[in-house]
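Reading through the structure tokens given below for one structure.
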Number of protein chains: 2
Amino acid sequence: MKEGPDIARVAALLGDPARANMLTALVSGRALTAAELAQEAGVTPQTASSHLAKLEAGQIVTLRRQGRHRYFTLSGPDIVEALEVLMGIANRVGHNRVRTGPKDPALRKARVCYDHLAGEMGVALFSGLAARKLIVSDHNGVMLSDAGVSFADEFGIDLDGLRRNRRPLCRECLDWSARQSHLAGAFGAALLSRFYDLGWARRSKDSRIVTFSPKGEQSFKSLCDAPETISRFL
Amino acid sequence: MKEGPDIARVAALLGDPARANMLTALVSGRALTAAELAQEAGVTPQTASSHLAKLEAGQIVTLRRQGRHRYFTLSGPDIVEALEVLMGIANRVGHNRVRTGPKDPALRKARVCYDHLAGEMGVALFSGLAARKLIVSDHNGVMLSDAGVSFADEFGIDLDGLRRNRRPLCRECLDWSARQSHLAGAFGAALLSRFYDLGWARRSKDSRIVTFSPKGEQSFKSLCDAPETISRFL
DNA sequence: TTCATAGTTCGATGTTAATCGAAGCATCCG
DNA sequence: CGGATGCTTCGATTAACATCGAACTATGAA
């Protein structure tokens with residue numbers, strides 16, 4: 001008598017730690033090889049292979065063969081959405097896999113969390129935007145204010161484009177090191193991507209560290225502090 | 001080195017068929033007892049008890065004791081959101097737990113799918129609203145048109161209230177019997193609830209069947225067909 | 001061809017966890 | 001006080017599955 005889509009089957013695929021790690025590594029949108037995903041998940045290549053086979057069979061990821069590499073990507077934006085919602089729930093109920101404190105100071109300062117900015121600078125960005133009332137946060141979550149919309153426009157972020165896929169614009173994400181919120185969601189990701197494009201920052205190759213240039217960091221600071229227009233940064 | 005919320009832990013809680021059944025039964029918002037949930041999930045009370053203990057420990061559901069009954073509800077709107085996203089994914093990838101064809105014609109005609117209308121009438125509603133351009137569907141999903149917004153207003157649905165919680169207004173849900181889309185999401189649920197309030201239909205006590213009164217069915221038909229104003233139905 | 005790299009399959013092992021029967025509490029009713 | 005109902009705990013069974021070592025396949029490079 002049970003009808004409808006089989007939620008459990010999909011959820012079970014996301015419900016294994018190794019697989020969840022692989023999938024969150026893929027949220028950035030970049031295609032990763034099986035070996036890279038194995039390392040992300042902290043398992044051996046054999047184990048990863050087995051997990052990836054399941055994820056592919058379940059159409060959670062898609063596979064692109066290229067030479068002797070097999071590149072995996074998420075099969076659609078709905079997977080990102082699911083991961084973010086689950087992330088939000090895990091945050092709310094306090095299920096964090098936080099064990100050790102942050103060691104590397106660079107990591108504590110600015111790093112990538114999925115595809116948005118985390119660390120002290122991530123928290124500063126969140127509170128800065130909130131102080132400038134560009135984002136407003138209530139008990140239901142975060143959203144862009146009208147001022148925030150025009151800010152995004154000025155800053156060169158195509159909000160309409162972002163709205164076109166169903167990923168929510170703004171989400172709160174509890175920061176592991178700072179224990180405060182930073183900004184996730186499509187807008188959070190777009191901001192970080194814009195920082196890259198503007199040359200303010202770049203991502204390290206092997207780690208999650210985000211390195212800001214001196215000039216970039218200064219611009220970033222003004223972005224978070226200044227209540228005045230931001231066009232002079234660009 | 002792994003940081004951030006523990007997605008896998010939450011997903012694993014949703015990833016068991018028995019638990020998923022219980023949770024989807026709770027999407028309606030009604031509080032259900034352990035025994036009712038056991039029946040929904042098709043397991044014995046002992047098994048249900050064990051599952052419910054896990055769900056409560058994981059803060060997916062909340063418990064309210066009342067006399068010798070224990071009423072369970074979902075712990076927040078984010079759980080509904082998660083279930084709907086997963087439902088969408090399961091639909092997309094074709095993971096349906098459809099086994100037998102629909103037997104009961106009444107069930108095939110109109111039934112409850114989670115908390116919205118499914119069956120032939122559910123499909124008729126979807127295509128009717130689409131034909132009247134009250135909802136528009138593109139590759140990213142469904143949304144209300146401007147005309148749809150004023151329609152909802154006229155029809156007595158508090159859109160602003162719905163928007164206040166984060167559950168998406170419109171979602172497509174593939175119909176089990178008719179193999180076409182019907183309307184899910186907060187708006188889909190609100191429509192069905194409005195049908196109840198208007199006396200057009202009522203839900204059977206023990207099954208998922210939705211029974212329309214003759215008058216109600218006629219009004220419903222006009223709702224789906226007529227391009228003119230709907231105020232005359234009210 | 002030979003070697004190295006990327007990835008898979010196979011097989012064995014250990015762990016987790018879902019399930020239900022039986023018995024135990026707790027609450028309400030008469 | 002029984003006796004019934006709602007639900008949980010205990011214990012045992014079973015099945016699923018995550019994991020990794022070892023061996024195998026496939027692609028590319030020298």
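By convention in this document, chain letters (A, B, ...) are assigned in the order of the sequence lines, proteins followed by strands, and residues within each chain are numbered from 1.
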Going by distance alone, is a donor N or O of one side chain under 3.5 Å from an acceptor N or O of the other, for [X] and [Y]?
X       : Y       : answer
B:Ser75 : A:Arg92 : yes
A:Thr73 : A:Thr62 : yes
A:Thr33 : A:Glu36 : yes
A:Ser50 : A:Thr47 : no

Can you measure [X] atom [atom1] to [N] atom [atom2] for me and round it to whole angstrom units?
X       : N      : atom1 : atom2 : value
A:Leu55 : C:dT8  : CG    : P     : 12 Å
A:Leu32 : C:dA6  : CG    : C1'   : 15 Å
A:Leu52 : C:dA6  : CG    : P     : 15 Å
A:His51 : D:dC20 : NE2   : P     : 9 Å
B:Arg9  : C:dA17 : CZ    : C1'   : 16 Å
A:Asn21 : D:dT19 : CG    : P     : 10 Å
B:Leu13 : C:dA18 : CG    : P     : 9 Å
A:Arg64 : D:dT27 : CZ    : C1'   : 17 Å

Problem set entry | salt_bridge(B:Glu120, B:Lys109) N-O dist < 4.0 Å |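 Salt bridge flag = no for B:Lys109 with B:Glu120.
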
For this session: Using a heavy-atom cut-off of under 4.0 Å over every strand shown, decide if A:Arg19 touches base, sugar-phosphate, or nothing.
Result: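 Since only primed, P, OP1 and OP2 atoms lie under 4.0 Å of A:Arg19, the category is sugar-phosphate.
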
Exercise. Contact class for A:Ala53 (heavy atom, under 4.0 Å): base, sugar-phosphate, or nothing?
Worked result: nothing

Provide a list of protein-nucleic acid N or O atom pairs under 3.5 angstrom, restricted to nucleotides 20-24 of chain C.
from: C:dC20; atom 1: OP2; to: B:Thr44; atom 2: N; distance (Å): 3.4
from: C:dC20; atom 1: OP2; to: B:Thr44; atom 2: OG1; distance (Å): 3.2
from: C:dC20; atom 1: OP2; to: B:Thr47; atom 2: OG1; distance (Å): 2.9
from: C:dG21; atom 1: N7; to: B:Gln46; atom 2: NE2; distance (Å): 2.6

Exercise. Taking the inter-plane angle between the rings of B:Trp200 and B:Phe195 on a 0 to 90° scale, is it parallel (under 30°), tilted (30 to 60°) or perpendicular (over 60°)?
Worked result: parallel

At a cut-off of 3.5 Å, list every protein nitrogen or oxygen paired with a nitrogen or oxygen from nucleotides 26-30 of chain C, distance to 0.1 Å.
none

Exercise. Reckon A:His69 has a side-chain N or O less than 4.0 Å from the OP1 or OP2 of D:dG28?
Worked result: no

For this session: Report yes if a side-chain nitrogen or oxygen of B:Lys54 is closer than 4.0 Å to either non-bridging phosphate oxygen (OP1 or OP2) of C:dA17; otherwise report no.
Result: no

Seminar exercise, completed: Considering only heavy side-chain atoms of A:Asp16, the closest of D:dA18, D:dT8, C:dT8 is D:dA18

Exercise. For the side chain of A:Arg70, counting heavy atoms from C-beta on, which of C:dA18, D:dT8, C:dG7 is nearest?
Worked result: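 Looking only at side-chain atoms, A:Arg70 lies closest to C:dG7.
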
Exercise. With a 4.5 Å limit on heavy-atom distance, are the side chains of A:His116 and A:Leu191 in contact?
Worked result: no

Exercise. Yes or no on salt bridge (Lys or Arg N to Asp or Glu O under 4.0 Å) for A:Arg171 and B:Glu81, after CA distance, side-chain angles and deciding distance?
Worked result: CA-CA 14 Å; A:Arg171 268 188 195 280; B:Glu81 206 182 339; 3.1 Å; yes

For this session: May I ask you to decide if A:Ala20's main-chain N or O and A:Thr24's side chain share a donor-acceptor pair within less than 3.5 Å?
Result: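 Yes, because the side chain of A:Thr24 sits within donor-acceptor range (under 3.5 Å) of the backbone of A:Ala20.
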
